[in-house]
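In what follows, a structure is listed as structure tokens, so that the remarks can point back to it.
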Amino acid sequence: QVQLVESGGGSVQAGGSLRLSCAVSGYTYSYNCMGWFRQTPGKEREGVAAIYNGAVTTYYADSVKGRFTISQDVAKNTVYLQMNSLKPEDTAVYYCAAGGVPESLCGNLMRSYNYWGQGTQVTVSS
């Protein structure tokens with residue numbers, strides 16, 4: 001079993017920055033793909049960023065490219081999402097996810113992930 005706990009959400013004005021953290025515990029050897037998703041009421045969960053095997057490859061949604069950066073501290077079993085130049089449309093609940101899949105499947109597909117965190121709220125005001 002793998003447990004994921006997100007932190008770092010909050011409220012910020014447009015143009016500001018936040019860094020989300022996801023602490024992973026349990027059978028950490030069982031996953032090689034970490035992702036961040038977000039969801040707003042009435043919408044499907046959207047893949048934002050993903051990182052494979054420490055940093056072999058990364059994925060970003062077009063809407064966040066150049067503004068968000070995913071990284072991983074393998075020694076600390078923690079994944080981060082640095083979010084810069086935040087926009088009101090980035091407002092959502094952000095979820096961390098973990099999965100054990102081939103590199104080609106480490107991206108924005110929810111079915112690639114077996115474990116999910118409880119989510120952390122990010123609110124960006126204009």
Side-chain angles (χ1 to χ4, degrees):
Q1 191 74 355
V2 176
Q3 294 83 40
L4 296 86
V5 179
E6 304 99 334
S7 61
S11 297
V12 65
Q13 289 192 326
S17 298
L18 284 173
R19 188 176 81 155
L20 305 183
S21 299
C22 174
V24 187
S25 61
Y27 295 122
T28 57
Y29 61 83
S30 63
Y31 73 93
N32 55 9
C33 174
M34 296 294 301
W36 285 98
F37 287 73
R38 65 186 181 187
Q39 190 170 24
T40 54
K43 291 189 176 181
E44 291 188 356
R45 197 166 293 190
E46 171 195 23
V48 174
I51 188 166
Y52 181 77
N53 245 358
V56 173
T57 55
T58 55
Y59 158 85
Y60 293 97
D62 288 343
S63 58
V64 306
K65 279 181 182 176
R67 300 188 298 121
F68 289 12
T69 302
I70 189 170
S71 62
Q72 184 173 11
D73 187 330
V74 176
K76 294 183 178 180
N77 289 325
T78 301
V79 177
Y80 305 96
L81 186 67
Q82 178 66 44
M83 306 185 295
N84 298 328
S85 302
L86 283 162
K87 304 176 181 179
E89 51 263 43
D90 294 319
T91 295
V93 177
Y94 283 72
Y95 297 90
C96 177
V101 295
E103 181 179 353
S104 60
L105 294 180
C106 185
N108 64 341
L109 297 175
M110 288 185 61
R111 61 182 173 88
S112 294
Y113 302 90
N114 305 102
Y115 306 102
W116 294 83
Q118 82 288 349
T120 185
Q121 177 71 46
V122 172
T123 302
V124 185
S125 58
S126 57

* **Set of side chain to side chain donor-acceptor pair (under 3.5 Å) partners for Thr40, sequence neighbours left out** => none
* To do: Evaluate the side-chain proximity of Met34 to Val24: yes if any heavy-atom separation is below 4.5 Å, no if none is.
  => yes
* Is there a side chain to side chain contact (heavy atoms under 4.5 Å, CB included) between Thr120 and Val93 once you walk through the steps? -> CA-CA 5 Å; Thr120 185; Val93 177; over 6 Å; no
* Within-4.5 Å side-chain heavy-atom neighbours: Arg67 and Asp90 -> yes
* Structure fact -> When rounded to the nearest 0.5 Å, the distance separating SG of Cys33 from OH of Tyr52 is 8.5 Å
* **side-chain hydrogen bond (donor to acceptor under 3.5 Å, both in side chains) contacts in which one or both residues fall within residues 41-51, not counting sequence neighbours** => Arg38-Glu46, Gln39-Arg45
* Nearest heavy-atom pair of Ala61 and Gly47: which atoms, and what distance? -> CB-O, 3.5 Å
* To do: Could you check whether the rings of Tyr113 and Phe37 sit parallel, tilted or perpendicular, using 30° and 60° as the cut-offs?
  => perpendicular
* Carefully, step by step, assess Gln13 and Ser125 under the rule side chain to side chain donor-acceptor pair (under 3.5 Å). => CA-CA 5 Å; Gln13 289 192 326; Ser125 58; 4.9 Å; no
* Structure fact -> Ala50 and Gly107 have their tightest heavy-atom pair at CB-O, 3.7 Å
* If you group Ile, Leu, Val, Met, Phe, Trp and Tyr by side-chain heavy-atom gaps below 4.5 Å, do Leu20 and Tyr80 land in one group? -> no
* Given side chains that start at C-beta, do those of Tyr60 and Thr69 come closer than 4.5 Å, heavy atoms only? -> yes
* Asked: Are Trp116 and Tyr94 joined in one hydrophobic group, where the rule is that I, L, V, M, F, W and Y side chains link up if heavy atoms are under 4.5 Å apart?
  -> no
* Structure fact -> side chain to side chain donor-acceptor pair (under 3.5 Å) filter on Lys65, not counting sequence neighbours, yields Asp62
* Asked: Between Asn53 (side chain) and Val56 (backbone), is there a donor-acceptor pair under 3.5 Å?
  -> no
* Structure fact -> d(Gln121 CD, Ser11 OG) to nearest 0.5 Å is 7.5 Å
* Asked: When you measure from the side chain of Gln82 to the backbone N and O of Phe68, does any donor-acceptor pair fall under 3.5 Å?
  -> no
* To do: Working to the nearest 0.5 Å, report the span between OH of Tyr115 and SG of Cys22.
  => 13.5 Å
* Structure fact -> CH2 (Trp36) and CG (Leu81) are apart, to the nearest 0.5 Å, by 6.0 Å
* Asked: Is the shortest heavy-atom distance from the side chain of Val79 to the side chain of Ile70 under 4.5 Å?
  -> yes
* Asked: Glu6 side chain to Gly119 main-chain N or O, any donor-acceptor pair under 3.5 Å?
  -> yes
* Treat each ILVMFWY residue as a node, draw an edge where side-chain heavy atoms are under 4.5 Å apart, and state whether Leu4 and Tyr59 are in one component. => no
* N/O donor-acceptor pair under 3.5 Å between Ser104 side chain and Pro102 backbone -> no
* To the nearest 0.5 angstrom, please state how far the CG atom of Asn32 sits from the CD1 atom of Ile51. => 11.5 Å
* Would you please test Ser17 and Asn84 for side chain to side chain donor-acceptor pair (under 3.5 Å) and show each step? => CA-CA 4 Å; Ser17 298; Asn84 298 328; 2.9 Å; yes
